[in-house]
Amino acid sequence: MKKSKKIVILTGSPRKTGNSIAMAEAFTKEAEKKGHSVTRFDAADMTIKGCTACETCFNTGKACSFDDDFNKIAPELLEADVFVFATPLYWYSYPAKLKAVIDKFYAFLVGKRGVGNKECALIVCCEDKDMPMFDGIRFSYKQTTDLLQWKSVGEVLVPSVAAPGDIYKTNGLEQVIALADKF
């Protein structure tokens, strides 16, 4: 029997009923059904300032010396076994608020915490029908997770979804359920 894991999901969509949110919810439901605990942070609803590369990470007892909502995410991530990005594709990459969170992952390198011993996954959807549109976000995800020494368990990339609900016209939800089963 698989060990129960602590999973943190970070979403990027500002749409409460968006397609990537629907995928995050399907992943969560399946992961919880398997006995895992899931905590979700919606970056679009959070106050996250950009990283200033001050390199004072963890000097104040918090991941970031400048207090914003990243300091709510960081402790959960440090305790997590699994980290999942669930987002729409914005200009071939992450939405700005989600990218701001990822930029602050620098704290884990400077503070020598949260590196290694984590699994991760990428869940992305986009309006375009061409799979090469995902190349930018996939590159960023791979470089980020390689630098943090996290093990990628999989990716779900769903093209041709724009309007809320379009995800139900694809097999995207089935793909995220299968991804959740890998943990």
Side-chain angles (χ1 to χ4, degrees), residues 5-16 18-21 23-25 27-28 31 36-126 133-157 179 183:
K5 295 183 179 181
K6 181 173 178 157
I7 300 173
V8 171
I9 299 177
L10 185 61
T11 70
S13 181
R15 290 182 180 173
K16 299 288 183 221
N19 295 301
S20 64
I21 296 295
M23 293 195 309
E25 289 171 351
F27 180 96
T28 298
H36 304 302
S37 67
V38 179
T39 302
R40 185 175 110 190
F41 294 98
D42 297 325
D45 297 333
M46 301 180 89
T47 301
I48 309 287
K49 299 173 188 141
C51 178
T52 64
C54 65
E55 298 195 1
T56 61
C57 316
F58 291 99
N59 285 355
T60 62
K62 296 178 183 176
C64 183
S65 298
F66 299 95
D67 203 21
D68 66 18
D69 287 338
F70 180 72
N71 287 325
K72 295 177 183 172
I73 297 169
E76 294 293 326
L77 180 57
L78 289 172
E79 292 179 13
D81 302 301
V82 177
F83 194 77
V84 178
F85 300 94
T87 185
L89 186 70
Y90 278 24
W91 290 97
Y92 319 105
S93 191
Y94 299 97
K97 290 274 196 114
L98 181 51
K99 179 63 168 75
V101 173
I102 294 166
D103 286 350
K104 286 197 170 193
F105 285 0
Y106 185 59
F108 301 129
L109 296 173
V110 171
K112 296 178 177 55
R113 302 172 190 187
V115 178
N117 299 322
K118 294 198 187 302
E119 295 176 313
C120 56
L122 178 65
I123 298 170
V124 187
C125 59
C126 77
M133 294 299 154
F134 294 105
D135 290 352
I137 199 167
R138 291 182 73 226
F139 178 81
S140 180
Y141 167 75
K142 182 179 181 334
Q143 296 307 115
T144 300
T145 57
D146 283 355
L147 186 60
L148 293 169
Q149 301 171 25
W150 296 350
K151 179 184 181 251
S152 181
V153 174
E155 300 174 357
V156 173
L157 310 171
L179 178 61
F183 293 101

Pair listing, salt bridge (Lys or Arg N to Asp or Glu O under 4.0 Å) test, anchored in residues 78-91, at least two apart: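 Output for this query lists Lys3-Asp81, Lys6-Glu79.
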Would you call the rings of Phe83 and Phe105 parallel, tilted or perpendicular, taking 30° and 60° as the class edges?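 Geometry flag for Phe105 against Phe83: perpendicular rings.
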Listed partners of [X] passing side-chain hydrogen bond (donor to acceptor under 3.5 Å, both in side chains), at least two apart:
X: Thr56; value: Ser65
X: Asp45; value: Lys16
X: Asp135; value: none
X: Glu55; value: Tyr106

Residues in salt bridge (Lys or Arg N to Asp or Glu O under 4.0 Å) with [X], at least two apart?
X: Lys62; answer: Asp67
X: Arg138; answer: Glu155
X: Lys49; answer: none

Which heavy atom of [X] sits nearest a heavy atom of [Y], and at what distance?
X: Ala86; Y: Ile9; result: CB-CG2, 4.2 Å
X: Val124; Y: Pro88; result: CG1-C, 4.2 Å
X: Pro14; Y: Ala44; result: CA-CB, 3.6 Å
X: Leu122; Y: Ile137; result: CD2-O, 4.4 Å
X: Asn71; Y: Cys64; result: OD1-N, 2.9 Å
X: Cys125; Y: Ser20; result: SG-N, 3.6 Å

Residue pair [X] / [Y], side-chain heavy-atom distance below 4.5 Å:
X: Lys151; Y: Cys120; value: no
X: Phe134; Y: Phe139; value: no
X: Lys72; Y: Asp69; value: yes
X: Ile102; Y: Phe85; value: yes
X: Phe108; Y: Leu78; value: yes
X: Leu147; Y: Leu109; value: yes
X: Val84; Y: Ile123; value: yes
X: Val8; Y: Phe41; value: yes

Rounded distance [0.5 Å steps], [atom1] in [X] versus [atom2] in [Y]:
X: Glu76; Y: Thr39; atom1: CD; atom2: OG1; answer: 5.0 Å
X: Thr87; Y: Leu10; atom1: OG1; atom2: CG; answer: 8.5 Å
X: Phe66; Y: Lys104; atom1: CZ; atom2: NZ; answer: 8.0 Å

Counting distance only, does the side-chain N/O of Ser140 pair as donor-acceptor with the main-chain N or O of Gly136 below 3.5 Å?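 Not at all, since once roles are kept as given, no pair shorter than 3.5 Å links the two residues.
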Measure from the side-chain N and O atoms of His36 to the backbone N and O of Lys5, and report whether any donor-acceptor pair falls under 3.5 Å.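 Yes, His36 side chain to Lys5 backbone: donor-acceptor pair under 3.5 Å.
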Check the pair Lys142, Ser152 against side-chain contact (heavy atoms from CB on, under 4.5 Å), reporting the backbone distance first and the verdict last. CA-CA 8 Å; Lys142 182 179 181 334; Ser152 181; over 6 Å; no
Check step by step if side-chain contact (heavy atoms from CB on, under 4.5 Å) holds for Asp42 and Ile21. CA-CA 9 Å; Asp42 297 325; Ile21 296 295; 4.3 Å; yes
Less than 3.5 Å apart, which donor and acceptor atoms pair up between the side chains of residues 90-99 and the rest of the protein, not counting sequence neighbours?
from  : atom 1 : to     : atom 2 : distance (Å)
Lys97 : NZ     : Met46  : O      : 2.5
Lys99 : NZ     : Asp103 : OD1    : 2.3

Non-neighbouring partners of Lys118 that pass side chain to side chain contact (heavy atoms under 4.5 Å, CB included), sequence neighbours left out: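 Per chain and number, Lys118 pairs via side chain to side chain contact (heavy atoms under 4.5 Å, CB included) with Leu77, Trp150.
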